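Note sheet for the following structure.
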Number of protein chains: 2
Amino acid sequence: MVAGPLPAPSGPGKDRLRLWIRLLRASRTIEAELRERLKKEFDTTLPRFDVMAALFRAPEGMLMSDLSRFLLVSNGNVTGIVDRLVSEGLVARARRNGDRRTSMVRLTDEGSKSFATMAAAHEAWIGELLGKVSEEDARRLTGMLTSFRSNWEGRE
Amino acid sequence: MVAGPLPAPSGPGKDRLRLWIRLLRASRTIEAELRERLKKEFDTTLPRFDVMAALFRAPEGMLMSDLSRFLLVSNGNVTGIVDRLVSEGLVARARRNGDRRTSMVRLTDEGSKSFATMAAAHEAWIGELLGKVSEEDARRLTGMLTSFRSNWEGRE
DNA sequence: ATAAAATATTTCAAGCTTAAAGTTTCGTAC
DNA sequence: GTACGAAACTTTAAGCTTGAAATATTTTAT
């Protein structure tokens, strides 16, 4: 997946393949840097941060299935991460009146406060890591990725 | 990390943040699709495919440390993946004459044949998943990502 | 009302991942 | 040539990840 430097294959489709490899390497590199900083600065992980970010945007709470769909990860995966966040007091599960299969998951006050701090640092890190991308280029790149989104995101 | 739709925050740096989120969602979505197909079609995993792809480009073999640096993953990680590939007969470790700490890792004939088949399918999948991206747009996007690479890849 | 299908979630096994600690081997300075 | 630090790997513990199986609850069809 992360093929790279040396040869430079050509032929039909090679440009798309090369694009995919660049895309993957860029996101892996940035992701690794963010993971390391989250660990060092806040003693947390990327998956925990992701879940908290999703919940921060939904003060009324989210269902487990909403979380897993939004985060693009499996159902069982979210269970474990939420379990750990609950045991750390950052997230709470609330039984619902109507449907007893589901529970609303939301940030606790502590979780919300904790996330606000991390989010500010996170945004600054992105600004630093993508510093050489001008705001205008960023908008243009975002636009290109957005316009192709329907191609790979079959559902959205 | 994978924040998304609803609100549309603005302010300095928000464009870069939005770019990062798009980048991450694009690569995660495509990655998930590839993982699923590798599993279904070839009963293998993305990490195994990555290792084999790296080795395929280096017929003379690679050191474990070369592999982990190239693939952007930790040293210990590669050990486990290579162990499994060895036990499947797709990869071989060869002791070196000079330095007894290291071993050259390379594809076996079976591994090489197996990879060639998967690589063809893989390239076709990418062509399909990125089908709406014209070859020209692909080259342009690749160029933009490449020109910003030094920003996030401190080493290369 | 009852059975069957659908939904929401958790559990499980296997594998991936990292950071840190441990092992072996090498190079180099005395 | 001995000791010391560096280098290449492996091992370990904890956590992430998936797909599939298991639970529990709700909905739908009869």
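Everything numeric in this text was worked out from a predicted model, so none of it was measured. Every chain is numbered from 1, with letters handed out A, B, ... down the list of sequences.
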Could you go through the side-chain contact (heavy atoms from CB on, under 4.5 Å) check for B:Leu67 and B:Leu55 one step at a time? CA-CA 8 Å; B:Leu67 266 175; B:Leu55 294 178; 4.1 Å; yes

- Message: How close do B:Asp137 and B:Val133 get, counting heavy atoms only, and between which atoms?
- Response: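 Looking at all heavy atoms of both residues, the closest pair is CB-CG1, 3.9 Å.
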
*asked:* Using every non-hydrogen atom in the two residues, find where B:Lys132 and A:Phe148 come nearest and quote the distance to one decimal.
replied: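 It is O-CE2, 3.5 Å.
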
So, is [X] near the phosphate of [N], with a side-chain N or O under 4.0 Å from OP1 or OP2?
| X | N | answer |
| --- | --- | --- |
| A:Asn75 | C:dT9 | no |
| A:Thr102 | C:dA8 | no |
| B:Arg100 | C:dC26 | yes |
| B:Arg95 | D:dA8 | no |
| B:Ser65 | D:dC9 | yes |

Can you figure out which of [options] approaches the side chain of [X] most closely?
| X | options | result |
| --- | --- | --- |
| B:Arg48 | C:dG15, C:dT9, C:dT17 | C:dG15 |
| B:Met64 | C:dT9, D:dT18, D:dC9 | D:dC9 |
| A:Asn77 | D:dT18, C:dT18, C:dT9 | D:dT18 |
| B:Val73 | C:dT18, D:dT10, C:dC26 | C:dT18 |
| A:Thr45 | D:dG15, D:dT10, C:dT17 | D:dG15 |
| B:Leu63 | D:dT10, C:dA19, D:dC9 | D:dC9 |

Nearest whole angstrom, please: distance from the [atom2] of [N] to the [atom1] of [X].
| X | N | atom1 | atom2 | answer |
| --- | --- | --- | --- | --- |
| A:Asp83 | C:dT11 | CG | P | 7 Å |
| B:Arg93 | D:dT10 | CZ | C1' | 9 Å |
| A:Ile81 | C:dT17 | CD1 | P | 15 Å |
| B:Leu67 | C:dT17 | CG | P | 13 Å |
| A:Leu71 | D:dT18 | CG | P | 10 Å |
| B:Leu38 | C:dG15 | CG | C1' | 15 Å |
| A:Arg96 | D:dT26 | CZ | C1' | 12 Å |
| B:Lys39 | D:dT18 | NZ | P | 13 Å |

Q) What do the steps show when you test B:Phe42 against B:Phe49 for side-chain contact (heavy atoms from CB on, under 4.5 Å), and what is the final call? A) CA-CA 10 Å; B:Phe42 300 110; B:Phe49 181 88; over 6 Å; no

On DNA chain D, more 5' by nearest nucleotide between B:Gly80 and A:Pro47 is B:Gly80

Check the pair A:Arg35 / A:Thr45 against side-chain hydrogen bond (donor to acceptor under 3.5 Å, both in side chains), numbers first and verdict last.
CA-CA 6 Å; A:Arg35 189 188 325 110; A:Thr45 67; over 6 Å; no

Look at [X] together with [Y] and state whether they make a salt bridge at an N to O cut-off of under 4.0 Å.
| X | Y | answer |
| --- | --- | --- |
| A:Arg106 | A:Glu60 | no |
| B:Arg16 | A:Glu128 | no |
| B:Asp43 | B:Arg48 | no |

5' precedence on DNA chain C between B:Val78 and A:Met62 (nearest-nucleotide basis) =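 Comparing both residues, the 5'-ward one is A:Met62.
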
The residue, A:Ala32 or A:Asp99, whose nearest nucleotide of DNA chain C is more 5′ is A:Asp99

Could you go over nucleotides 4-7 of chain D and give all protein N or O partners under 3.5 Å, atom names and distances?
unit_1	atom_1	unit_2	atom_2	d
D:dA7	O4'	B:Arg101	NH1	3.4
D:dA7	N3	B:Arg101	NH1	3.0

